[in-house]
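This is a predicted model, so every value here is computed, not measured.
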Amino acid sequence: MTTVDQAKAMAKRLRAALSARDLAVSHATTLELVAASLGHDDWNTASAALDRPAENVPRFLEAVPILRIFDEAKAREFYCGFLGFETGFEHRFEPSLPLYMEVARAGLRLHLSEHHGDASPGSTVFVPMRGVHAYHRQLTDKRYGYARPGIEQAPWGDVLEVADPFGNRLRFCERRVG
């Protein structure tokens with residue numbers, strides 16, 4: 001059965017599709033159209049009748065990979081300097097102990113850890129994205145001394161793979177349309 005959230009998503013997609021055809025329709029109108037297509041008199045009736053997601057059902061919000069690092073300066077140079085991420089937070093139990101930090105860019109968050117046992121060196125993170133060719137140009141323009149990645153055309157999309165100084169690989173992939 002359709003949920004309220006699914007119906008709202010349908011209305012959003014319908015509005016975007018109509019807008020692409022130069023048909024300006026309000027969000028409220030698309031909600032009414034979706035309600036009618038689901039067999040309801042109006043959106044209020046549909047909203048009351050449609051399923052609501054159960055609060056006690058698991059729902060995954062996002063995955064945040066943890067990557068092992070061995071040198072803070074090299075990690076900052078690569079992730080912040082080269083890839084353009086910004087530091088989210090940093091944590092050490094004491095000043096001389098290993099670093100655990102978050103870096104983020106354009107909705108992607110990664111945790112980097114110097115702690116033994118947090119992650120295995122040589123991991124691979126697959127990152128679906130849009131704008132992989134623009135990102136490639138940004139990276140190429142930096143003329144980074146340790147990496148000049150290219151874009152590979154794979155059956156599932158255009159892939160830009162970079163390896164960090166610790167053997168971890170990030171595969172940024174944009175699905176090709178067509």
Checklist entry - Can you tell me if K74 uses its side chain to pair, donor with acceptor, with the backbone of P165 under 3.5 Å? => result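 Not a single qualifying donor-acceptor pair exists.
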Item to check | Side chain S19, main chain A16, donor-acceptor under 3.5 Å | outcome: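 Between the backbone of A16 and the side chain of S19 there is no qualifying donor-acceptor contact (under 3.5 Å).
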Show every donor-acceptor pair shorter than 3.5 Å between a side-chain atom in residues 102-113 and any protein atom, with sequence neighbours excluded, or say none if there are none.
| from | atom 1 | to | atom 2 | distance (Å) |
| --- | --- | --- | --- | --- |
| E102 | OE2 | R109 | NH1 | 2.6 |
| E102 | OE2 | H111 | NE2 | 3.2 |
| R105 | NH1 | L83 | O | 2.7 |
| R105 | NH2 | Q138 | OE1 | 2.6 |
| R109 | NE | E62 | OE2 | 3.4 |
| R109 | NH2 | E62 | OE2 | 2.9 |
| H111 | ND1 | Y100 | OH | 2.7 |
| S113 | OG | H115 | N | 3.0 |
| S113 | OG | D118 | OD2 | 2.6 |

Taking the side chain as C-beta and beyond, is there a heavy-atom pair between [X] and [Y] under 4.5 Å?
{"X": "D71", "Y": "F166", "result": "yes"}
{"X": "V127", "Y": "C173", "result": "no"}
{"X": "P98", "Y": "F93", "result": "no"}
{"X": "L170", "Y": "L160", "result": "no"}

Which side-chain N or O atoms in residues 145-155 pair as donor and acceptor under 3.5 Å with protein atoms at least two apart or in another chain?
| from | atom 1 | to | atom 2 | distance (Å) |
| --- | --- | --- | --- | --- |
| R148 | NE | Y144 | O | 3.2 |
| R148 | NH2 | R143 | O | 3.3 |

Partners passing side chain to side chain contact (heavy atoms under 4.5 Å, CB included) against [X] (at least two apart in sequence or in another chain):
{"X": "A35", "result": "H40, W43, A46"}
{"X": "H27", "result": "A11, R15, T30, L31"}
{"X": "K12", "result": "none"}
{"X": "S26", "result": "A28, T29"}

Checklist entry - Under the salt bridge (Lys or Arg N to Asp or Glu O under 4.0 Å) rule, what pairs show up with a residue in residues 80-92, not counting sequence neighbours? => result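 Checked against salt bridge (Lys or Arg N to Asp or Glu O under 4.0 Å) - neighbours excluded - the pairs reaching residues 80-92 are E72-R92, R76-E90, R92-E114.
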Checklist entry - Does F89 CZ have over 12 foreign heavy atoms under 6.0 Å away? => result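 For F89, atom CZ is crowded (more than 12 foreign heavy atoms under 6.0 Å).
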Checklist entry - Looking only at heavy atoms, what is the nearest atom pair of L50 and A7, with distance? => result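 That would be CD1-CB, 3.7 Å.
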Checklist entry - Which atoms form the tightest heavy-atom contact between V132 and E174, and what is the distance? => result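 Smallest interatomic distance, heavy atoms only, reads N-OE1, 2.9 Å.
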Item to check | Test ring pair (Phe, Tyr, Trp, His ring centres under 6.0 Å) applied to F172 - qualifying residues, sequence neighbours left out | outcome: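 Scan of F172 (ring pair (Phe, Tyr, Trp, His ring centres under 6.0 Å), adjacent residues dropped) gives Y135.
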Checklist entry - With sequence neighbours left out, what residues match H133 under ring pair (Phe, Tyr, Trp, His ring centres under 6.0 Å)? => result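 Expected list: none.
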Let me check something: do [X] and [Y] share a hydrophobic cluster, defined by ILVMFWY side-chain heavy atoms less than 4.5 Å apart, either directly or through other members?
{"X": "V64", "Y": "L67", "answer": "no"}
{"X": "V25", "Y": "M10", "answer": "yes"}
{"X": "Y79", "Y": "F70", "answer": "yes"}

Checklist entry - L97 and E94: side chain to side chain contact (heavy atoms under 4.5 Å, CB included), yes or no, with the steps? => result CA-CA 5 Å; L97 291 180; E94 293 180 17; 3.8 Å; yes
Checklist entry - Can you check side chain to side chain contact (heavy atoms under 4.5 Å, CB included) on F78 and I69, steps first, answer last? => result CA-CA 11 Å; F78 179 78; I69 62 171; over 6 Å; no
Item to check | Any donor-acceptor N or O pair under 3.5 Å, side chains T45, D42 | outcome: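 Looking only at side-chain atoms, D42 and T45 do form a donor-acceptor pair, the distance falling under 3.5 Å.
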Next on the checklist: Suppose clustering is done on Ile, Leu, Val, Met, Phe, Trp and Tyr with side-chain heavy atoms closer than 4.5 Å. Which residues sit in the same group as V159?
Outcome noted: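 Cluster partners of V159: F126, W156.
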Item to check | Test side-chain hydrogen bond (donor to acceptor under 3.5 Å, both in side chains) applied to T124 - qualifying residues, sequence neighbours left out | outcome: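 R169.
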Checklist entry - If you measure from CG on N44 to CD on E32, what distance do you get to the nearest 0.5 Å? => result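 Going from CG on N44 over to CD on E32, the span is 7.0 Å.
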Checklist entry - What residues form a salt bridge (Lys or Arg N to Asp or Glu O under 4.0 Å) with R171, not counting sequence neighbours? => result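 In terms of salt bridge (Lys or Arg N to Asp or Glu O under 4.0 Å), with neighbours along the sequence ignored, R171 is linked to E161.
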